[in-house]
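Just below is one structure, and these are the notes that go with it.
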2 protein chains.
Amino acid sequence: MSVGVSIGVAAKASGVKVPTVRFYEQIGLMPPMVRTDGNRRLYGPADVKRLTFIRHARELGFEIDAIRELLQLQDQPNQSCAVADDIARGRLGEVRRRIASLRALEAELERMVGECSHGRVAECRVIEVLADHCECRFHAHEADGAEADGAEGG
Amino acid sequence: MSVGVSIGVAAKASGVKVPTVRFYEQIGLMPPMVRTDGNRRLYGPADVKRLTFIRHARELGFEIDAIRELLQLQDQPNQSCAVADDIARGRLGEVRRRIASLRALEAELERMVGECSHGRVAECRVIEVLADHCECRFHAHEADGAEADGAEGG
DNA sequence: CCTACATGCTCTAGTCACTAGAGGAGCAAG
DNA sequence: CTTGCTCCTCTAGTGACTAGAGCATGTAGG
């Protein structure tokens, strides 16, 4: 009977890094793990699945709190999934906004790179375009809400 | 003769928030500002333009260090712009990777929302899709390099 | 001139989601 | 028994801000 695997194996299986797995336990996204005699965490298949769930959710752009909600839904499956659906819908809207911004951004960078004649900076549009507001065709920030400002997340 | 404007005015004109303007000075992205008798920062048109430049670059997804390089290029315009071009090119590649990931993500979320029948969580694919690797059609993380893993960045 | 009140200043600490490193313990192979 | 890997806890650092305390300054109205 398999009692469980080590954190390293669970990490590899789920695609989450070892320190991040511990971090998830620390912030309560993963439950406190069963330990061996030697104080090492043991992960069962359900735990690995949960980690995989978290990784996917993160890759899909869900924030930790949203994932927490989803996990709570999963832990008590007799609730309506309206909440989960709402979260997914909200995420979908944000993803679409981000794609739109990035497309404008892509066009801008293409233009910048295309127009750069590899001469001196004085004639290089890479600088000019970013310095001069009126030349910038990327105005997503004016259309976007506050939420989408960090294409980077910060 | 206009000696300059206050930080609030410069912030409004450039679209950068006041604390962020001070932060940029603190990390050396903006030079130490001239002060009034009452120790308040004074911003000239060139400073506002620089702030605008920084904001645009940030919105385009440039990291602070990349912006620092670009600003150094701008400060000494007799250099080749090959470096700036490289930065823009690298950014363009990353933007395209991000767009690809987000498109896959969009499709996944559309499917998730579309298949959710608003019943109980047990039948809700929003949970299942994220928990079960083999059902997930979003495998951008396997194709992407290490750089793109954080669709979110930091 | 006096009073509000907005705006400015510095400094510290908090945010998010990790990531890195110190310093030590456990464990399997040779 | 030693080597070398993985694991443990704990603290501190990252990036790019953001928030708040506590005080100074500037301005408009009365």
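Order of the sequence lines sets the chain letters (A, B, ...), proteins ahead of strands, with each chain counted from 1.
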Gap between atoms CD1 and P, on B/I27 and D/dC17 respectively (whole Å):
7 Å
Just do the side-chain contact (heavy atoms from CB on, under 4.5 Å) check on A/I67 and A/L71 with the steps written out, would you?
CA-CA 6 Å; A/I67 297 172; A/L71 284 168; 3.8 Å; yes
Heavy atoms only: give me the nearest A/S14-A/V48 pair and the separation to one decimal.
CB-O, 4.0 Å
So, does B/K17 get its side chain near the phosphate of D/dC17, meaning an N or O under 4.0 Å from OP1 or OP2?
no
Winner on side-chain proximity to B/S6, out of C/dG8, C/dC18, D/dT18, is C/dG8
Roughly how many Å is it from CG in A/L42 to C1' in C/dG26, rounded to a whole number?
14 Å
Cationic N near anionic O, under 4.0 Å, A/R68 to A/D65
yes
Could you check how far CG of B/D37 sits from P of D/dT27, rounded to whole Å?
12 Å
Could you give the CD-to-C1' distance, from B/E25 to D/dC17, as a whole number of Å?
16 Å
Output the rounded distance in Å from CD1 (A/I67) to C1' (C/dC18).
13 Å
On DNA chain D, does the nearest nucleotide to B/P19 precede the nearest nucleotide to A/R40 from the 5' side, or the other way round? Give the residue.
A/R40
Can you check whether A/Y24 has a side-chain N or O nearer than 4.0 Å to OP1 or OP2 of C/dA17?
no
Could you tell me how far apart B/I64 (CD1) and D/dG15 (P) are, to the nearest whole angstrom?
10 Å
Of all the choices, C/dA17, C/dA25, D/dT18, which nucleotide is nearest to the side chain of A/F23 once you look at every atom?
C/dA17
Given A/V34 and A/R41, is the side-chain contact (heavy atoms from CB on, under 4.5 Å) satisfied, shown in steps?
CA-CA 6 Å; A/V34 178; A/R41 292 171 181 85; over 6 Å; no
Axis bend over the full length of the helix from C/dC1-D/dG30 to C/dG30-D/dC1, computed from five pairs that close each end, to 10 degrees
10°
How close do A/V16 and A/V21 get, counting heavy atoms only, and between which atoms?
CG1-CG2, 3.7 Å
How would you summarise protein contacts on nucleotides 10-15 of chain C per nucleotide, using B for base, S for sugar-phosphate only and - for none, with heavy-atom distances below 4.0 Å?
B-----
Minimal heavy-atom distance between B/I64 and B/I27, with the atoms involved, is CG2-CD1, 3.9 Å
Give me the atom names and distance for the closest heavy-atom approach of A/A11 to A/V18.
CB-CG2, 3.6 Å
Looking at A/R35 and A/E25, what are the two nearest heavy atoms and their distance?
NH2-OE2, 3.9 Å
Check the distance between D/dT14's C1' and B/E63's CD and give it to me in whole angstrom.
11 Å
Determine, step by step, whether A/M30 and A/I54 satisfy the side-chain contact (heavy atoms from CB on, under 4.5 Å) criterion, reporting the C-alpha distance in whole Å, the side-chain angles of both residues, the deciding distance to 0.1 Å, and the verdict.
CA-CA 9 Å; A/M30 291 295 288; A/I54 295 170; 3.8 Å; yes
Of all the nucleotides listed (D/dC17, D/dC7, D/dA16), which has the minimum atom distance to the side chain of B/T20?
D/dC17
Separation of D/dA16 P from B/R55 CZ (nearest whole Å)
17 Å
